[in-house]
Amino acid sequence: MGEKWVLMKTAQTPTNIAVIKYWGKRDETLILPVNDSISVTLDPAHLCTTTTVAVSPAFQQDRMWLNGKEISLSGGRYQNCLREIRKRAREVEDKEKGIKIEKEDWEKLHLHIASYNNFPTAAGLASSAAGFACLVFALAKLMNVEEDESQLSAIARQGSGSACRSLFGGFVKWIMGKEEDGSDSLAVQLVDEKHWDDLFIIIAVVSSRQKETSSTSGMRESVETSLLLQHRAKEVVPKRTLQMEEAIKNRDFASFAKLTCADSNQFHAVCLDTSPPIFYMNDTSHRIISHVEKWNRSEGSPQVAYTFDAGPNAVLIARDRKAAAQLLKRLLFSFPPNSDADLDSYIIGDKTILKEAGVEGMKDVEALSPPPENGAAQKCPGDVNYFICTRPGKGPILLSNENVGLLDPETGLPK
Amino acid sequence: MGEKWVLMKTAQTPTNIAVIKYWGKRDETLILPVNDSISVTLDPAHLCTTTTVAVSPAFQQDRMWLNGKEISLSGGRYQNCLREIRKRAREVEDKEKGIKIEKKDWEKLHLHIASYNNFPTAAGLASSAAGFACLVFALAKLMNVEEDESQLSAIARQGSGSACRSLFGGFVKWIMGKEEDGSDSLAVQLVDEKHWDDLFIVIAVVSSRQKETSSTSGMRESVETSLLLQHRAKEVVPKRTVQMEEAIKSRDFASFAKLTCADSNQFHAVCLDTSPPIFYMNDTSHRIISHVEKWNRSEGSPQVAYTFDAGPNAVLIARNRKAAAQLLQRLLFSFPPKSDTDLDSYIIGDKTILQDAGLEGMRDVEALSPPPENGSAQKYPGDVNYFICTRPGKGPILLSNENLALLDPETGLPK
């Protein structure tokens, strides 16, 4: 035929951090969890995935590039997402370009996909959550899919469980569902990103010398071998989920912090109860927890909640900017950079907090005193690679500016 | 009156390591646990407490010296043990010395007690278990108490829970009991130290930079805050205890290892599930576990079981001398001593194993190759302070040699 038109859409999605954790599937293929989970969406200004999807009769096969490198789409997870979204494709017309795609044309057309994370994969910051959410969202836009975000989340879920929670901003709940076919296992928004505006988040990207156990194999081993996991899923999480929703709706930080820390620790407890045991947190992670616990207890009421995913990175959620500034000082005292680093690359993301902390350069870091509640605190330079400052953020959006597209609008190949 | 006679007895007791863990009390005063526990007694030749108890009308008050330093006996635990053992005192006659103590005399007489551990308290090797067991055993001998070891264990239990298990050699079970008064919460011997003669134990005393949470307060916090603890106590441990007894009786090392490692990990999981979370194991502990898990899996059948108490020290139980020798080679490769140490102080206890391992000096350590199953294993000099080699051992004994007494037979004061 020789048709050479290319239709493209570019979307951007945030990543998310679970405060009530997902760990364990009741169905490996459909990715159905053994319990509900709740997450906070992080501001895509600092951490996000950008994905351009393109369709053209000239494309010979489905292809995808991730962070500039071509990857295979043959795996079950990609195939599931592509199949499910294609099922829901509808007629698309671009009058300007004189292109019309009928519903039944989609199954014969091939896609080019380019995706890019603005944060390193090695940072252990759940890039697949943002990635699959973006893929599904972008394709839904391209294919004029009617389904809403919750229904799209059920598709993203089949790429990566936690991806379903990246279809919304603010605080999000992934309802575990009851159906065998997973049709009711999807994400809903609890509150949007403006609801709890005060919260400020600091992520400590911790040095890790070893390759982590992947979440997928780790949680399968936990389901198979941990005698505590089922009790957690059946008895603990249902109650905690209710309490957490309540805390979020009421902006009750004390309850939120207690639940968040407890659930993070219990998730890691289940990992330890697995055979072979899985250790995601290391001595630095433990030190951070100890510091936060000490500070919270000395203040009488929690200032900071901590939570850790399947890696040593600490996600610290401060109750407000004032607490965040004090937290940052404590963190910089205990975890200064190695001597040759500059502050500008040691603290990235929302840097406005530096001013409130009175820390504008390395001299200010060196001048910090030990915190009052922990006069014997040691310095462990180099234990943290860098810090990312961010806030709760919004859900996926379409980018209309064609310059941000990752594929060339003529060739459909990566720019 | 002016009587100046002194009657003395000296006893020696072993320490023990739990393979099914005790963690959590249902009664703080009587020290009654929430589940059964099972332990292996370690050879007192390498790790033991020696206690001399003396009685004399010339003594003005009960006094005790621990490792040469006088300590207070006013605490509840010491008072409970002294009261309970005194209740059971009977008539004692030493015809040679012309001394006769009537049953009713005991309540008016005072005691001097001197106790000495041949291993450092800082090694975190449960010195209070051996200590209280020795105290009770020695006093029972001095006071001609009729009760057997199990009944004595119920008294030692009130000094320190795990002390009750040090009244026997071999493998011992502390039955949790049902009675409110704790009369049925006591230790019984499962098998003696000859039953499973092949086992060889290597303890890695790991460098710890921080003060550990005490077992007493730690387990109380776990009972109060861990939502997984009760499930462990009610559902998991009862079944595991039965399986463990079976494995010990049958000398089924594969099952023994699986249960031992699982129970150690679950105990630490409950510690992590506590608020605030308790981290007893550190990165070095985790590394040791990873190495052992890798080796066990590469051999197809477990060679070594690991277990950790309330601290970072690893207790490694090898199935036989051959496995122990190979374990030692692996440990010394990954955890060599710092350069100025000599092997003789780096490996203490039963050093015969060094010959089996072909390691007679530091040159042999430096010449070690990485293990076949872990070719990229790193070296961490200084992560381990030293190793103690030992074997399952016998229970408490009376020492007849007066030279070994810790108190002067004339003054009743420490030598």
Side-chain angles (χ1 to χ4, degrees), chain A residues 207-211 213 222 225-232 234-237 239-240 257-259 261-297 302 306 308 312 376-378 380 383, chain B residues 207-211 213 222 225-232 234-237 239-240 257-259 261-297 302 306 308 312 376-378 380 383:
Chain A
S207 315
S208 171
R209 284 174 214 89
Q210 50 198 74
K211 182 179 181 299
T213 306
S222 287
T225 63
S226 164
L227 298 177
L228 300 178
L229 185 143
Q230 290 301 331
H231 178 79
R232 162 178 166 73
K234 290 192 165 62
E235 302 298 325
V236 180
V237 176
K239 298 186 186 92
R240 264 190 194 159
K258 190 160 179 259
L259 293 162
C261 299
D263 210 70
S264 176
N265 290 333
Q266 193 173 84
F267 152 55
H268 289 279
V270 168
C271 289
L272 191 32
D273 188 55
T274 299
S275 179
I278 303 166
F279 312 108
Y280 284 127
M281 297 196 287
N282 63 15
D283 284 350
T284 303
S285 315
H286 295 167
R287 241 170 254 136
I288 292 174
I289 288 180
S290 294
H291 289 350
V292 170
E293 286 279 353
K294 259 198 185 110
W295 185 33
N296 282 343
R297 269 151 220 276
Y306 56 78
F308 293 75
Q378 302 274 332
C380 302
D383 270 16
Chain B
S207 313
S208 173
R209 282 176 215 86
Q210 54 199 70
K211 182 178 181 302
T213 306
S222 287
T225 65
S226 164
L227 299 177
L228 301 178
L229 185 142
Q230 290 302 331
H231 178 79
R232 162 179 166 72
K234 289 193 165 62
E235 303 297 326
V236 180
V237 175
K239 296 188 188 92
R240 263 189 195 160
K258 190 161 179 259
L259 292 163
C261 299
D263 210 70
S264 176
N265 290 333
Q266 194 174 85
F267 151 55
H268 290 278
V270 168
C271 289
L272 191 33
D273 188 55
T274 299
S275 180
I278 303 166
F279 312 108
Y280 285 127
M281 296 195 288
N282 62 16
D283 284 350
T284 304
S285 316
H286 295 167
R287 241 168 251 138
I288 292 173
I289 288 181
S290 295
H291 289 352
V292 169
E293 287 278 355
K294 256 195 190 115
W295 185 33
N296 281 344
R297 269 152 220 275
Y306 56 78
F308 294 75
S376 59
Q378 305 270 335
Y380 298 94
D383 269 19

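By convention in this document, chain letters (A, B, ...) are assigned in the order of the sequence lines, proteins followed by strands, and residues within each chain are numbered from 1.
With B:L228 as the fixed residue, the side-chain contact (heavy atoms from CB on, under 4.5 Å) test singles out one of A:L228, A:D273, A:L229: A:L228.
Listed by chain and residue number, B:W23 satisfy the ring pair (Phe, Tyr, Trp, His ring centres under 6.0 Å) test with B:F267 (two or more places apart in sequence, or in another chain). Scored by the salt bridge (Lys or Arg N to Asp or Glu O under 4.0 Å) test, B:D263 finds B:R232, B:R240 as partners (sequence neighbours excluded).
Distance check, rounded to the nearest 0.5 Å: CE of B:M281 to CG of A:D283 gives 11.0 Å. To the nearest 0.5 Å, atom CD of residue A:Q230 and atom CD of residue B:E235 are 13.0 Å apart.
Heavy-atom pairs under 4.5 Å with chain B peak, among A:H231, A:H268, A:Q378, at A:H231.
Contact of A:E293 with chain B is made through the side chain alone, with heavy-atom distances under 4.5 Å.
With contacts defined as side-chain heavy-atom distances shorter than 4.5 Å, the pair A:L272/B:N265 qualifies. The closest side-chain heavy-atom distance from A:R297 to B:P276 is below 4.5 Å.
In this pair, B:H286 and A:H286 present their aromatic rings perpendicular. The plane angle is above 60°, beyond the 30 to 60° band.
The shortest non-hydrogen separation linking A:V236 to B:L227 is CG1-CD1, 3.7 Å.
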